[in-house]
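What you see below is based on every heavy atom in this structure, not just the backbone, and it leaves out hydrogens, waters and symmetry mates. Each chain gets a letter, A, B and so on, in the order its sequence line appears, and its residues count up from 1. Fair warning: this is a prediction, and the values are worked out from it, not measured in the lab.
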There are 2 protein chains.
Amino acid sequence: MTDIEKTLENKSVRPTAMRILIYKYLAEKDSAVALTDIENAFEKAERTTLYRTLKTFEEKGIVHQIDDGTNISKFALCEPGCNCEIDQDLHLHFHCTHCDKTVCLTEHKIPHINLPSGYIAEDVNLVIKGICDTCSKH
Amino acid sequence: MTDIEKTLENKSVRPTAMRILIYKYLAEKDSAVALTDIENAFEKAERTTLYRTLKTFEEKGIVHQIDDGTNISKFALCEPGCNCEIDQDLHLHFHCTHCDKTVCLTEHKIPHINLPSGYIAEDVNLVIKGICDTCSKH
DNA sequence: TAATGAATGCAACCGTAGTGCATTTAATGT
DNA sequence: ACATTAAATGCACTACGGTTGCATTCATTA
Ligand SMILES: [Mn+2]
Ligand SMILES: [Mn+2]
Ligand SMILES: [Zn+2]
Ligand SMILES: [Zn+2]
(Lines give C-alpha, C1' and ligand atoms only; values in the text may rest on other atoms or scores of the structure.)
(Ligands and ions follow the chains in the order given, each with its own letter.)
Protein backbone atom coordinates (compact mmCIF):
# COMPACT_ATOMS: atom_id res chain seq x y z
CA MET A 1 0.00 0.00 0.00
CA THR A 2 1.46 3.32 -1.08
CA ASP A 3 1.54 6.55 0.88
CA ILE A 4 -1.23 8.01 -1.22
CA GLU A 5 -3.45 5.03 -0.63
CA LYS A 6 -2.85 5.38 3.10
CA THR A 7 -3.65 9.07 2.99
CA LEU A 8 -6.92 8.46 1.20
CA GLU A 9 -7.97 5.69 3.53
CA ASN A 10 -7.13 7.83 6.54
CA LYS A 11 -9.65 10.32 5.19
CA SER A 12 -12.22 7.58 4.58
CA VAL A 13 -11.91 7.79 0.81
CA ARG A 14 -11.62 4.54 -1.07
CA PRO A 15 -8.37 4.65 -3.00
CA THR A 16 -9.50 3.83 -6.50
CA ALA A 17 -7.14 3.99 -9.46
CA MET A 18 -8.61 7.24 -10.70
CA ARG A 19 -8.52 8.87 -7.28
CA ILE A 20 -4.90 7.94 -6.79
CA LEU A 21 -4.02 9.45 -10.16
CA ILE A 22 -5.86 12.64 -9.37
CA TYR A 23 -4.24 12.89 -5.96
CA LYS A 24 -0.82 12.41 -7.57
CA TYR A 25 -1.60 15.08 -10.11
CA LEU A 26 -2.62 17.52 -7.40
CA ALA A 27 0.47 16.73 -5.35
CA GLU A 28 2.80 17.41 -8.26
CA LYS A 29 1.36 20.79 -9.10
CA ASP A 30 2.66 23.85 -7.34
CA SER A 31 -0.47 25.82 -8.17
CA ALA A 32 -4.18 25.25 -7.80
CA VAL A 33 -5.90 23.25 -10.51
CA ALA A 34 -9.24 23.57 -12.22
CA LEU A 35 -11.45 20.71 -13.23
CA THR A 36 -10.56 21.40 -16.84
CA ASP A 37 -6.85 21.12 -16.05
CA ILE A 38 -7.31 17.58 -14.81
CA GLU A 39 -9.59 16.82 -17.70
CA ASN A 40 -6.86 17.81 -20.12
CA ALA A 41 -4.19 15.94 -18.20
CA PHE A 42 -6.09 12.66 -18.39
CA GLU A 43 -7.62 12.43 -21.82
CA LYS A 44 -9.40 9.23 -21.02
CA ALA A 45 -11.10 10.38 -17.84
CA GLU A 46 -14.73 11.34 -17.56
CA ARG A 47 -15.44 14.91 -16.61
CA THR A 48 -18.13 13.81 -14.18
CA THR A 49 -15.86 11.38 -12.41
CA LEU A 50 -13.23 14.06 -11.97
CA TYR A 51 -15.87 16.47 -10.77
CA ARG A 52 -17.22 14.06 -8.20
CA THR A 53 -13.75 13.05 -7.12
CA LEU A 54 -12.89 16.65 -6.36
CA LYS A 55 -16.18 17.02 -4.49
CA THR A 56 -15.42 13.95 -2.41
CA PHE A 57 -11.88 15.13 -1.76
CA GLU A 58 -13.23 18.44 -0.58
CA GLU A 59 -15.86 16.94 1.70
CA LYS A 60 -13.27 14.70 3.26
CA GLY A 61 -10.80 17.53 3.80
CA ILE A 62 -8.26 16.36 1.25
CA VAL A 63 -8.46 19.45 -0.91
CA HIS A 64 -9.89 22.89 -0.46
CA GLN A 65 -11.74 24.80 -3.11
CA ILE A 66 -10.42 28.20 -4.10
CA ASP A 67 -12.41 31.06 -5.52
CA ASP A 68 -9.78 33.23 -7.12
CA GLY A 69 -12.14 35.60 -8.87
CA THR A 70 -11.85 33.99 -12.30
CA ASN A 71 -15.19 32.24 -11.86
CA ILE A 72 -13.41 28.96 -12.37
CA SER A 73 -13.17 26.85 -9.24
CA LYS A 74 -9.68 25.80 -8.36
CA PHE A 75 -8.55 23.09 -5.98
CA ALA A 76 -5.40 22.50 -3.98
CA LEU A 77 -4.33 19.84 -1.54
CA CYS A 78 -4.76 20.81 2.07
CA GLU A 79 -1.68 21.15 4.14
CA PRO A 80 -1.38 18.69 7.01
CA GLY A 81 -3.56 20.10 9.74
CA CYS A 82 -5.48 22.40 7.43
CA ASN A 83 -9.15 22.26 8.23
CA CYS A 84 -10.22 25.21 6.14
CA GLU A 85 -12.44 26.61 8.85
CA ILE A 86 -12.59 30.15 10.05
CA ASP A 87 -9.92 31.24 12.53
CA GLN A 88 -8.02 28.12 11.76
CA ASP A 89 -6.17 27.91 8.48
CA LEU A 90 -7.40 30.84 6.49
CA HIS A 91 -4.43 31.58 4.31
CA LEU A 92 -4.68 33.94 1.41
CA HIS A 93 -4.53 33.12 -2.28
CA PHE A 94 -2.69 34.85 -5.06
CA HIS A 95 -3.83 34.89 -8.64
CA CYS A 96 -1.29 35.88 -11.27
CA THR A 97 -2.87 37.74 -14.16
CA HIS A 98 0.17 37.00 -16.30
CA CYS A 99 0.53 33.21 -16.12
CA ASP A 100 -3.01 32.71 -14.84
CA LYS A 101 -1.80 30.50 -12.00
CA THR A 102 -3.34 30.62 -8.56
CA VAL A 103 -1.27 29.67 -5.56
CA CYS A 104 -1.86 29.16 -1.86
CA LEU A 105 0.19 31.45 0.32
CA THR A 106 -0.16 29.13 3.27
CA GLU A 107 2.21 31.14 5.43
CA HIS A 108 0.13 34.27 5.00
CA LYS A 109 -2.89 34.05 7.24
CA ILE A 110 -5.76 36.43 6.76
CA PRO A 111 -5.66 39.12 9.43
CA HIS A 112 -8.60 39.41 11.77
CA ILE A 113 -11.22 41.80 10.46
CA ASN A 114 -13.50 43.85 12.67
CA LEU A 115 -17.08 43.85 11.51
CA PRO A 116 -19.93 46.22 12.35
CA SER A 117 -22.00 44.96 15.25
CA GLY A 118 -24.55 42.33 14.33
CA TYR A 119 -22.45 40.83 11.57
CA ILE A 120 -21.26 37.29 12.18
CA ALA A 121 -18.34 35.99 10.13
CA GLU A 122 -18.36 32.36 9.12
CA ASP A 123 -15.88 32.34 6.31
CA VAL A 124 -13.35 34.69 4.83
CA ASN A 125 -11.89 34.83 1.36
CA LEU A 126 -8.92 37.01 0.54
CA VAL A 127 -7.50 36.95 -2.95
CA ILE A 128 -4.73 39.14 -4.25
CA LYS A 129 -4.43 39.60 -7.97
CA GLY A 130 -1.20 40.66 -9.57
CA ILE A 131 2.11 39.33 -10.85
CA CYS A 132 3.65 36.27 -9.25
CA ASP A 133 7.32 35.90 -8.37
CA THR A 134 8.11 33.82 -11.44
CA CYS A 135 6.48 36.24 -13.85
CA SER A 136 7.90 39.36 -12.22
CA LYS A 137 11.45 38.14 -12.97
CA HIS A 138 10.95 38.33 -16.71
CA MET B 1 -32.28 68.02 -15.88
CA THR B 2 -32.42 65.77 -12.84
CA ASP B 3 -29.58 64.94 -10.47
CA ILE B 4 -29.21 61.49 -11.97
CA GLU B 5 -28.95 62.89 -15.46
CA LYS B 6 -26.25 65.27 -14.26
CA THR B 7 -24.39 62.44 -12.57
CA LEU B 8 -24.43 60.34 -15.71
CA GLU B 9 -23.31 63.19 -17.92
CA ASN B 10 -20.51 64.03 -15.53
CA LYS B 11 -19.26 60.51 -16.08
CA SER B 12 -19.65 60.82 -19.87
CA VAL B 13 -22.58 58.46 -20.02
CA ARG B 14 -25.54 59.50 -22.09
CA PRO B 15 -28.57 59.58 -19.80
CA THR B 16 -31.03 57.44 -21.69
CA ALA B 17 -34.35 56.45 -20.17
CA MET B 18 -33.20 52.93 -19.43
CA ARG B 19 -29.94 54.05 -17.88
CA ILE B 20 -31.72 56.48 -15.61
CA LEU B 21 -34.07 53.74 -14.45
CA ILE B 22 -31.20 51.37 -13.77
CA TYR B 23 -29.29 54.04 -11.90
CA LYS B 24 -32.37 54.77 -9.80
CA TYR B 25 -32.81 51.10 -9.08
CA LEU B 26 -29.20 50.79 -7.95
CA ALA B 27 -29.48 53.89 -5.79
CA GLU B 28 -32.54 52.59 -3.97
CA LYS B 29 -31.03 49.24 -3.09
CA ASP B 30 -29.01 48.88 0.08
CA SER B 31 -27.29 45.77 -1.23
CA ALA B 32 -25.44 44.83 -4.38
CA VAL B 33 -27.53 43.71 -7.33
CA ALA B 34 -27.08 41.02 -9.92
CA LEU B 35 -28.01 41.34 -13.56
CA THR B 36 -30.91 38.98 -12.92
CA ASP B 37 -32.22 41.21 -10.15
CA ILE B 38 -32.54 44.11 -12.55
CA GLU B 39 -33.97 41.83 -15.19
CA ASN B 40 -36.73 40.81 -12.80
CA ALA B 41 -37.35 44.35 -11.66
CA PHE B 42 -37.99 45.59 -15.20
CA GLU B 43 -39.97 42.92 -16.99
CA LYS B 44 -39.86 44.80 -20.25
CA ALA B 45 -36.13 45.34 -20.41
CA GLU B 46 -33.75 43.39 -22.58
CA ARG B 47 -31.13 41.44 -20.68
CA THR B 48 -28.44 42.51 -23.15
CA THR B 49 -29.22 46.15 -22.68
CA LEU B 50 -29.02 45.77 -18.92
CA TYR B 51 -25.81 43.81 -19.28
CA ARG B 52 -24.21 46.44 -21.44
CA THR B 53 -25.49 49.25 -19.27
CA LEU B 54 -23.78 47.74 -16.24
CA LYS B 55 -20.61 47.29 -18.29
CA THR B 56 -20.71 50.92 -19.33
CA PHE B 57 -21.42 52.04 -15.79
CA GLU B 58 -18.46 50.05 -14.58
CA GLU B 59 -16.09 51.36 -17.23
CA LYS B 60 -17.09 54.92 -16.43
CA GLY B 61 -16.70 54.42 -12.68
CA ILE B 62 -20.36 54.65 -11.81
CA VAL B 63 -20.60 51.19 -10.33
CA HIS B 64 -18.08 48.62 -9.21
CA GLN B 65 -18.39 44.93 -9.82
CA ILE B 66 -18.33 42.64 -6.81
CA ASP B 67 -17.24 39.04 -6.76
CA ASP B 68 -18.80 37.70 -3.60
CA GLY B 69 -17.98 34.07 -4.20
CA THR B 70 -21.41 33.09 -5.47
CA ASN B 71 -20.21 33.13 -9.08
CA ILE B 72 -22.87 35.68 -9.81
CA SER B 73 -21.48 39.13 -10.49
CA LYS B 74 -22.98 41.84 -8.34
CA PHE B 75 -22.86 45.57 -8.85
CA ALA B 76 -23.11 48.52 -6.52
CA LEU B 77 -22.90 52.26 -7.01
CA CYS B 78 -19.52 53.72 -6.24
CA GLU B 79 -19.28 56.10 -3.35
CA PRO B 80 -18.30 59.65 -4.26
CA GLY B 81 -14.56 59.54 -4.70
CA CYS B 82 -14.39 55.78 -5.04
CA ASN B 83 -12.07 54.82 -7.83
CA CYS B 84 -11.87 51.12 -7.09
CA GLU B 85 -8.13 50.99 -7.53
CA ILE B 86 -5.63 49.36 -5.27
CA ASP B 87 -4.57 51.28 -2.18
CA GLN B 88 -7.42 53.64 -2.76
CA ASP B 89 -10.91 52.50 -1.95
CA LEU B 90 -10.58 48.81 -1.34
CA HIS B 91 -13.39 48.22 1.09
CA LEU B 92 -14.49 44.74 1.97
CA HIS B 93 -17.71 43.02 1.05
CA PHE B 94 -20.01 40.91 3.16
CA HIS B 95 -22.16 38.14 1.80
CA CYS B 96 -24.97 36.90 4.00
CA THR B 97 -25.59 33.20 3.56
CA HIS B 98 -29.03 33.58 5.11
CA CYS B 99 -30.68 36.33 3.03
CA ASP B 100 -28.18 35.99 0.18
CA LYS B 101 -27.55 39.73 0.13
CA THR B 102 -24.14 41.19 -0.51
CA VAL B 103 -23.26 44.58 0.91
CA CYS B 104 -20.38 46.99 0.66
CA LEU B 105 -18.74 47.74 3.98
CA THR B 106 -17.30 50.95 2.67
CA GLU B 107 -15.96 52.01 6.04
CA HIS B 108 -13.94 48.82 6.36
CA LYS B 109 -10.87 49.10 4.23
CA ILE B 110 -8.81 46.04 3.47
CA PRO B 111 -5.66 46.03 5.60
CA HIS B 112 -2.32 46.09 3.87
CA ILE B 113 -1.01 42.58 3.22
CA ASN B 114 2.65 41.69 3.08
CA LEU B 115 3.50 39.42 0.19
CA PRO B 116 6.54 37.21 -0.35
CA SER B 117 9.26 38.95 -2.34
CA GLY B 118 8.67 38.98 -6.07
CA TYR B 119 4.92 39.14 -5.80
CA ILE B 120 3.33 42.34 -7.05
CA ALA B 121 -0.21 43.14 -5.92
CA GLU B 122 -2.50 44.86 -8.37
CA ASP B 123 -5.87 44.17 -6.89
CA VAL B 124 -7.29 42.76 -3.69
CA ASN B 125 -10.60 41.12 -3.00
CA LEU B 126 -11.77 40.42 0.53
CA VAL B 127 -15.15 38.85 1.08
CA ILE B 128 -16.56 37.78 4.40
CA LYS B 129 -19.34 35.24 4.38
CA GLY B 130 -21.69 34.88 7.31
CA ILE B 131 -24.83 36.32 8.83
CA CYS B 132 -25.68 39.97 8.31
CA ASP B 133 -26.94 42.30 11.01
CA THR B 134 -30.55 42.06 9.90
CA CYS B 135 -30.57 38.28 9.82
CA SER B 136 -28.71 37.87 13.10
CA LYS B 137 -31.51 39.68 14.94
CA HIS B 138 -34.04 36.95 14.20
C1' DT C 1 -20.33 -17.02 -5.30
C1' DA C 2 -24.28 -14.07 -4.73
C1' DA C 3 -25.71 -9.79 -2.79
C1' DT C 4 -24.85 -5.10 -1.88
C1' DG C 5 -23.34 -0.54 -2.20
C1' DA C 6 -19.97 2.51 -4.05
C1' DA C 7 -17.74 4.39 -8.12
C1' DT C 8 -17.86 5.36 -12.82
C1' DG C 9 -19.59 6.47 -17.61
C1' DC C 10 -22.87 8.63 -20.48
C1' DA C 11 -26.14 11.93 -21.70
C1' DA C 12 -28.40 15.32 -20.79
C1' DC C 13 -29.73 20.08 -18.46
C1' DC C 14 -29.00 24.63 -16.22
C1' DG C 15 -27.72 29.41 -15.59
C1' DT C 16 -24.63 33.15 -16.31
C1' DA C 17 -21.85 35.46 -19.38
C1' DG C 18 -20.86 37.09 -23.81
C1' DT C 19 -21.09 38.16 -29.07
C1' DG C 20 -22.88 39.44 -33.88
C1' DC C 21 -25.83 41.92 -36.32
C1' DA C 22 -30.00 44.35 -37.64
C1' DT C 23 -32.83 48.07 -36.07
C1' DT C 24 -34.06 52.06 -33.62
C1' DT C 25 -32.99 56.30 -31.40
C1' DA C 26 -30.72 60.54 -30.55
C1' DA C 27 -27.27 64.15 -31.54
C1' DT C 28 -25.06 67.01 -35.07
C1' DG C 29 -24.19 69.81 -39.06
C1' DT C 30 -26.17 71.70 -43.22
C1' DA D 1 -36.47 70.87 -41.25
C1' DC D 2 -33.71 67.32 -43.12
C1' DA D 3 -29.90 64.24 -43.95
C1' DT D 4 -25.90 62.24 -41.84
C1' DT D 5 -23.79 59.63 -38.44
C1' DA D 6 -22.82 57.34 -34.24
C1' DA D 7 -24.64 55.46 -30.17
C1' DA D 8 -28.00 52.59 -27.93
C1' DT D 9 -31.11 48.92 -28.05
C1' DG D 10 -33.42 44.40 -29.32
C1' DC D 11 -33.09 39.73 -30.86
C1' DA D 12 -30.90 35.47 -31.64
C1' DC D 13 -27.58 32.67 -30.77
C1' DT D 14 -23.19 30.76 -28.68
C1' DA D 15 -19.80 29.35 -24.93
C1' DC D 16 -18.79 27.15 -20.94
C1' DG D 17 -18.44 25.71 -16.18
C1' DG D 18 -21.18 23.39 -13.19
C1' DT D 19 -24.56 19.87 -12.04
C1' DT D 20 -27.82 15.97 -12.07
C1' DG D 21 -30.22 11.34 -13.28
C1' DC D 22 -29.68 6.99 -14.39
C1' DA D 23 -27.62 2.83 -16.17
C1' DT D 24 -23.50 0.15 -15.75
C1' DT D 25 -19.34 -1.53 -13.78
C1' DC D 26 -16.47 -2.55 -9.94
C1' DA D 27 -15.16 -3.96 -5.36
C1' DT D 28 -16.24 -5.48 -0.83
C1' DT D 29 -18.14 -8.86 2.12
C1' DA D 30 -21.50 -12.05 3.91
MN1 LIG E 1 -5.16 27.45 -0.42
MN1 LIG F 1 -18.41 47.62 -2.73
ZN1 LIG G 1 2.62 34.37 -12.94
ZN1 LIG H 1 -28.80 38.46 5.81
Here the residues of residues 48-55 of chain B within 4.0 Å heavy-atom distance, strictly under, of DNA chain C are B:T48, B:Y51, B:R52
Overall bend of the helix from C:dT1-D:dA30 to C:dT30-D:dA1 (five pairs an end, 10° steps) is 10°
Residues passing the side chain to side chain donor-acceptor pair (under 3.5 Å) test with B:K109, sequence neighbours excluded, are B:D89
For residues 2-16 of chain A, the side-chain hydrogen bond (donor to acceptor under 3.5 Å, both in side chains) pairs (sequence neighbours left out) are A:T2-A:E5
Separation of C:dC14 atom C1' from A:N71 atom CG, nearest Å, is 16 Å
Note: contacts of residues 92-102 of chain A with DNA chain D (heavy atom, under 4.0 Å) are none
B:E46 atom CD is separated from C:dT24 atom C1', nearest whole Å, by 13 Å
Base, sugar-phosphate alone, or nothing: which one does B:S73 contact when heavy atoms must sit under 4.0 Å apart? sugar-phosphate
| said: Pair A:H93, A:H108 - check side chain to side chain donor-acceptor pair (under 3.5 Å), show working. | reply: CA-CA 9 Å; A:H93 293 111; A:H108 290 68; over 6 Å; no
B:L8 atom CG is separated from D:dA7 atom P, nearest whole Å, by 17 Å
Sorted by chain and number, sequence neighbours left out, ring pair (Phe, Tyr, Trp, His ring centres under 6.0 Å) with A:H95 holds for none
Between CD of B:E39 and P of D:dG10 the distance, given in whole Å, is 12 Å
| query | Between A:D67 and A:V127, is any pair of side-chain heavy atoms under 4.5 Å apart? | reply | no
Contacts of A:Y119 meeting ring pair (Phe, Tyr, Trp, His ring centres under 6.0 Å) (sequence neighbours excluded), chain-then-number -> B:F94
| Shared hydrophobic cluster, B:I66 / A:L126 (ILVMFWY, side-chain heavy atoms < 4.5 Å) | no
ask   = Quick one: does A:H91's side chain get under 4.5 Å of A:H64's, heavy atoms only?
value = yes
The remaining residues in the hydrophobic cluster of A:I72, counting side-chain heavy-atom contacts under 4.5 Å among Ile, Leu, Val, Met, Phe, Trp and Tyr, are none
When rounded to whole Å, the CD to P distance for the pair B:E5 and C:dA27 reads 10 Å
TODO: Check whether A:L54 and A:I62 end up in the same hydrophobic cluster, where Ile, Leu, Val, Met, Phe, Trp and Tyr are linked by side-chain heavy atoms less than 4.5 Å apart.
DONE: yes
B:R47 atom CZ is separated from D:dC11 atom P, nearest whole Å, by 13 Å
Name every donor-acceptor pair, under 3.5 Å, that has one atom in a side chain of residues 33-51 of chain A and the other anywhere in the protein, sequence neighbours excluded.
residue	atom	partner	partner atom	Å
A:D37	OD2	A:A34	N	2.7
A:E39	OE1	A:R47	NH1	2.4
A:N40	ND2	A:T36	O	3.2

Hits for side chain to side chain donor-acceptor pair (under 3.5 Å) against A:S136, two or more places apart or cross-chain, chain-then-number order -> none
Sorted by number, residues from residues 13-22 of chain A placing a heavy atom under 4.0 Å from DNA chain C are A:R14, A:T16, A:M18, A:R19
B:Q65 meets the side chain to side chain donor-acceptor pair (under 3.5 Å) criterion, sequence neighbours left out, with B:S73
Separation between CG (B:L92) and CG (B:N125), nearest 0.5 Å, reads 10.0 Å
Whole-Å distance, A:I72 CD1 to C:dG18 P, equals 12 Å
note: B:I66, atom CD1; C:dA17, atom P; distance rounded to Å ~ 13 Å
